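We count residues from 1, following the sequence as given. Source: prediction; values computed, not measured.
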Amino acid sequence: GLGWLTTQSAAIRPVWTMFHLAAFVLGLLLLFQARQPVWLDDAARHVWAKVRTFNQRWGRAAPWLVGGLWALMPCGLLYSALMVAALTSQPLEGAATMALFALGSSLSLWAGPWLFLRLKSWGDGAWGIRSAGFALAAVSAWALWMGLVHDQAPWCITPT
């Protein structure tokens with residue numbers, strides 16, 4: 001929604017750019033320092049403490065509740081697959097589309113944790129933070145590139 005709003009409101013576009021600049025700098029910090037900034041680590045510990053108290057309060061039902069709430073979160077990839085399935089001409093084709101989406105998703109959701117558990121034994125774990133920093137910096141740089149080079153930043157002076 002915020003991405004759509006930035007294309008509709010020129011006042012929010014500089015805020016959107018500053019958000020991506022901040023994410024880019026954070027990504028570079030993670031990449032080069034291989035550790036989170038203290039303020040981010042403290043905030044994560046605070047959230048994790050709340051998750052632990054939630055788990056203690058709800059016991060064995062906690063994973064089911066969190067999973068149910070997680071399923072209600074909007075996922076652009078899931079909704080785009082659902083839209084493609086809805087646009088098919090036959091119900092069986094729509095079901096096949098969703099089955100193929102589930103197959104592809106389940107493979108990546110299985111292989112990712114398996115790979116990270118195997119790589120956990122490599123060194124002190126700094127490679128995970130560095131790779132997350134690289135991914136964050138790369139995605140933020142791409143968003144900045146798209147906004148500034150591909151005429152999505154109208155507050156910049158462009159030749160007419």
Engineer: Side-chain contact, heavy-atom cut-off 4.5 Å: Phe101 with Leu77?
Structural biologist: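 Yes, side chains in contact.
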Engineer: Got Tyr79 and Met83 here, is their nearest side-chain heavy-atom distance under 4.5 Å?
Structural biologist: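 Sidechains of Met83 and Tyr79: no contact.
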Engineer: Please list, chain by chain and in numerical order, all residues satisfying salt bridge (Lys or Arg N to Asp or Glu O under 4.0 Å) with Asp42, sequence neighbours excluded.
Structural biologist: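 If we apply the salt bridge (Lys or Arg N to Asp or Glu O under 4.0 Å) test to Asp42, skipping adjacent residues, there are no hits.
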Engineer: Is the ring pair Trp16/His20 parallel, tilted or perpendicular, if the boundaries are 30 and 60 degrees?
Structural biologist: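 Trp16 and His20: perpendicular rings.
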Engineer: Rounded to the nearest 0.5 Å, how far apart are CZ of Phe32 and CD1 of Ile129?
Structural biologist: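 Output value for this atom pair is 15.0 Å.
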Engineer: Would you check if Leu136 and Leu31 make a side-chain contact, meaning some heavy-atom pair closer than 4.5 Å?
Structural biologist: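 Result no, sub-4.5 Å side-chain heavy-atom pair not found.
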Engineer: Scan for side-chain hydrogen bond (donor to acceptor under 3.5 Å, both in side chains) pairs involving residues 32-41, sequence neighbours excluded, and state none if there are none.
Structural biologist: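 Output for this query lists Asp41-Arg45.
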Engineer: Is the number of heavy atoms from other residues, nucleotides or ligands under 6.0 Å of Trp142 CH2 greater than 12?
Structural biologist: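 Count not over threshold, so no.
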Engineer: In this structure, which one of Thr88, Leu78, Leu103 forms a side-chain contact (heavy atoms from CB on, under 4.5 Å) with Met98?
Structural biologist: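 It is Leu78, the one option of Thr88, Leu78, Leu103 that forms the side-chain contact (heavy atoms from CB on, under 4.5 Å) with Met98.
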Engineer: How many angstroms lie between CG in Leu69 and CH2 in Trp64, if you round to the nearest 0.5 Å?
Structural biologist: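 If I round to the nearest 0.5 Å, the distance is 14.0 Å.
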Engineer: Name all pairs fulfilling the side-chain hydrogen bond (donor to acceptor under 3.5 Å, both in side chains) condition that reach into residues 94-113, sequence neighbours left out, sorted by first residue then second.
Structural biologist: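 Residue pairs passing side-chain hydrogen bond (donor to acceptor under 3.5 Å, both in side chains), neighbours aside: none found.
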Engineer: Working to the nearest 0.5 angstrom, can you tell me the gap between Phe134 CZ and Leu30 CG?
Structural biologist: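 Taking CZ in Phe134 and CG in Leu30, the distance rounds to 13.5 Å.
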Engineer: Looking at Leu92, I want to see if its CG is surrounded by more than 12 non-hydrogen atoms of other residues, nucleotides or ligands under 6.0 Å.
Structural biologist: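 At most 12 heavy atoms, drawn from other residues, nucleotides or ligands, come within 6.0 Å of this atom.
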Engineer: How many angstroms lie between atom CG of Leu65 and atom CZ of Arg57, to the nearest 0.5 angstrom?
Structural biologist: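 CZ of Arg57 is found 11.5 Å from CG of Leu65.
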Engineer: Kindly indicate whether the side chain of Val66, heavy atoms from C-beta on, has any atom under 4.5 Å from the side chain of Phe54.
Structural biologist: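 Side-chain contact under 4.5 Å: yes.
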